[in-house]
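Reading through the structure tokens given below for one structure.
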Amino acid sequence: MTTTLITGANKGIGYETARQLLAAGHEVWIGSRDAQKGREAAEQLGARLVVLDVTDDESVAAAVKTIEAAGGLDVLVNNAGIEARGPGNDVIGPAEVTAEQMRTVFETNVFGTVRVTHAFLPLLERSAAPVIVNVSSGLASLSRVSEPGTLTYGYPGVAYPASKTAVNMVTVQFAKAFPRMRINAVEPGFTKTDLNGNTGTQTVEQGAAIIVRMARSAADGPTGGFFSADGEIGW
Ligand code: NAP
């Protein structure tokens, strides 16, 4: 049985990823920073719950203990993420963004991913087929953001895309260091969730598809790459 942890899985794309991986036969731990929301989601899904705030060392350490005691971990999906929004849910552009806003977004999206990955490495190293999926974004792609005429080019935010570019670099460096693990970054696509005030054009089923595919990577599958449902994406 493959055991999988998905951070930030009490709602949105993470919740749907849990649903699809359970259907595929994984034993799934959903991570939720809020115990009550997590209990409700886990009950609806038939998943196991671990309370986990990716910005909190103690919370992550406790989650490692819980999952280790229950038998270990094969697949880690670093899904928890936030976007910086201003009043009226506006994306914060270069004229307004502050170092403090950048720090907040990086704390969850980048340092959270590293904190959780670092803490679960010993468990993943004991797995016969370890996999890490880092949920990035098409907005991480420097080539896409620089291509006039695309939706990505028109996105004005700074903190969120910069954080996801950092996630991509973290992905590549970890993939090189741990060749026995499949470690990839994925772009779910613009998906209707609370993250974007439910303005996304895809369903969560569509958004979760590439995460699920990479979470089910074979031992000889790709590693150190950046993928959407349509295939590999340029950095
Ligand atoms: P969402 O519905 O807002 O879900 C985000 C999840 O992350 C929630 O469960 C949230 O928990 C959790 N979270 C936030 N901070 C956390 C923390 N410190 N510790 C633990 N969990 C935390 O957004 P989503 O669209 O499903 O986003 C999932 C991932 O997809 C994110 O990494 C996002 O950047 C990425 N993504 C989304 C889109 C899109 O169009 N939606 C596109 C590309 C990439 P709470 O409920 O407690 O807030």
Keeping [X] on the side-chain end and [Y] on the backbone end, is there a donor-acceptor pair under 3.5 Å?
{"X": "Arg180", "Y": "Glu125", "value": "yes"}
{"X": "Ser163", "Y": "Tyr160", "value": "yes"}
{"X": "Gln206", "Y": "Thr203", "value": "yes"}
{"X": "Ser217", "Y": "Met214", "value": "yes"}
{"X": "Glu27", "Y": "Arg48", "value": "no"}
{"X": "Asn79", "Y": "Gly8", "value": "yes"}
{"X": "Thr191", "Y": "Gln202", "value": "no"}
{"X": "Asn184", "Y": "Gly224", "value": "yes"}
{"X": "Ser32", "Y": "Lys37", "value": "no"}
{"X": "Ser127", "Y": "Leu123", "value": "no"}

In the structure I gave you, are the side-chain heavy atoms of [X] and [Y] within less than 4.5 Å of one another anywhere?
{"X": "Leu139", "Y": "Lys164", "result": "no"}
{"X": "Val105", "Y": "Gln101", "result": "no"}
{"X": "Asn109", "Y": "Ile82", "result": "yes"}
{"X": "Ile211", "Y": "Ile6", "result": "no"}
{"X": "Met102", "Y": "Val158", "result": "yes"}
{"X": "Thr193", "Y": "Lys11", "result": "no"}
{"X": "Val135", "Y": "Ile13", "result": "no"}
{"X": "Ile30", "Y": "Tyr15", "result": "no"}

**Q.** Working for side-chain contact (heavy atoms from CB on, under 4.5 Å), residues Thr3 and Trp29
**A.** CA-CA 8 Å; Thr3 302; Trp29 288 90; 3.6 Å; yes
Q | Name of the residue among Asp57, Asp53, Asp56 meeting salt bridge (charged side-chain N to carboxylate O under 4.0 Å, His left out) with Arg115 | A |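 Going through Asp57, Asp53, Asp56 one by one, the salt bridge (charged side-chain N to carboxylate O under 4.0 Å, His left out) with Arg115 is satisfied by Asp57 alone.
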Q. Hey, mind stepping through Ser136 and Asn168 against side-chain hydrogen bond (donor to acceptor under 3.5 Å, both in side chains) and telling me if it holds?
A. CA-CA 7 Å; Ser136 179; Asn168 283 0; 2.8 Å; yes
Q) Residues two or more places apart in sequence or in another chain: which of them pass side chain to side chain contact (heavy atoms under 4.5 Å, CB included) with Phe190? A)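 Testing Phe190 for side chain to side chain contact (heavy atoms under 4.5 Å, CB included), a comparison that skips the adjacent residues, returns Asn196, Thr199, Thr201.
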Q) For residues Thr113 and Asn134, is any side-chain donor paired with an opposing acceptor at under 3.5 Å? A)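 No donor-acceptor contact under 3.5 Å links the two side chains.
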Q | Pairwise distance CG(Leu5) to CZ(Phe120) - rounded to 0.5 angstrom | A |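 Here the rounded value is 5.0 Å.
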Q. Does Leu49 share a hydrophobic cluster with Val64, counting links as ILVMFWY side-chain heavy atoms below 4.5 Å and allowing steps through other members?
A.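 Per the 4.5 Å side-chain linkage, Leu49 and Val64 are not co-clustered.
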Q. Taking 4.0 angstrom as the limit, do Lys65 and Glu68 come out as a salt bridge?
A.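 Salt bridge flag = no for Glu68 with Lys65.
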Q | Carboxylate-amine/guanidinium contact Glu16 Arg19, below 4.0 Å | A |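 Counted as a salt bridge, because a side-chain N and a carboxylate O are separated by less than 4.0 Å.
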**Q.** Stepwise side-chain contact (heavy atoms from CB on, under 4.5 Å) test for Met181 and Val131
**A.** CA-CA 5 Å; Met181 300 188 191; Val131 173; over 6 Å; no
Q: Return yes when atom CD of Gln36 has more than 12 non-hydrogen atoms of other residues, nucleotides or ligands closer than 6.0 Å, and no otherwise.
A: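 Yes, enclosed.
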